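No experiment lies behind these values; they were computed from the predicted model shown.
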Amino acid sequence: MENEELLKLNEHPDISKYDLDEVYLFTEFPDKSSSRCNNCDKAHFENSVKNSLFLRQCRNCGMKKVI
């Protein structure tokens, strides 16, 4: 991201840094803080398992990550 875009994100904390419609892989985007959402820094998740994949979704912002 360019510096101008980062400044806009800092001015508006409600703007998401991640595309919340996309499912991210933990190997590509590990947690910044252990067991916390990278987008909103909350620790409340909904979990599900399907086709041997563990999906973690943040209850606050909706960011999805395959663990």
Side-chain angles (χ1 to χ4, degrees):
M1 291 185 142
E2 295 182 22
N3 289 338
E4 294 173 4
E5 291 178 15
L6 290 173
L7 289 174
K8 287 179 185 177
L9 288 174
N10 289 336
E11 291 172 5
H12 303 288
D14 58 330
I15 296 175
S16 176
K17 298 175 189 174
Y18 297 92
D19 180 11
L20 299 180
D21 294 328
E22 187 176 338
V23 178
Y24 294 94
L25 297 175
F26 187 79
T27 54
E28 295 177 13
F29 295 95
D31 294 340
K32 292 177 189 174
S33 290
S34 181
S35 299
R36 294 200 165 266
C37 179
N38 287 359
N39 189 42
C40 66
D41 203 38
K42 302 288 182 186
H44 201 168
F45 298 100
E46 290 181 22
N47 303 310
S48 62
V49 177
K50 187 174 182 180
N51 297 330
S52 301
L53 295 175
F54 183 80
L55 180 69
R56 181 179 79 180
Q57 181 176 0
C58 179
R59 287 191 177 184
N60 186 51
C61 70
M63 182 177 178
K64 297 176 190 102
K65 192 180 284 190
V66 173
I67 306 293

Which atoms form the tightest heavy-atom contact between [X] and [Y], and what is the distance?
| X | Y | answer |
| --- | --- | --- |
| Phe26 | Ile67 | CD1-CD1, 3.7 Å |
| Lys65 | Phe29 | NZ-O, 2.8 Å |
| Cys61 | Asn39 | SG-ND2, 3.4 Å |
| Phe54 | Val49 | CD1-CG2, 3.7 Å |
| Val66 | Val23 | CG2-CG1, 3.5 Å |

Residues which pass side chain to side chain donor-acceptor pair (under 3.5 Å) with Arg59, listed by chain and number, not counting sequence neighbours: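 His44.
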Whether Tyr18 side chain and Lys64 backbone form a donor-acceptor pair below 3.5 Å: no
Inter-residue atom distance Cys37.SG - Gln57.CD, 0.5 Å rounding: 10.0 Å
same_hphob_cluster(Leu25, Leu53) at 4.5 Å side-chain heavy-atom cutoff: yes
Leu55 side chain reached by Lys50 side chain, heavy atoms, under 4.5 Å: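 Lys50 does not reach Leu55 side chain to side chain.
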Ion pair Asp41/Lys32, N-O distance below 4.0 Å: no
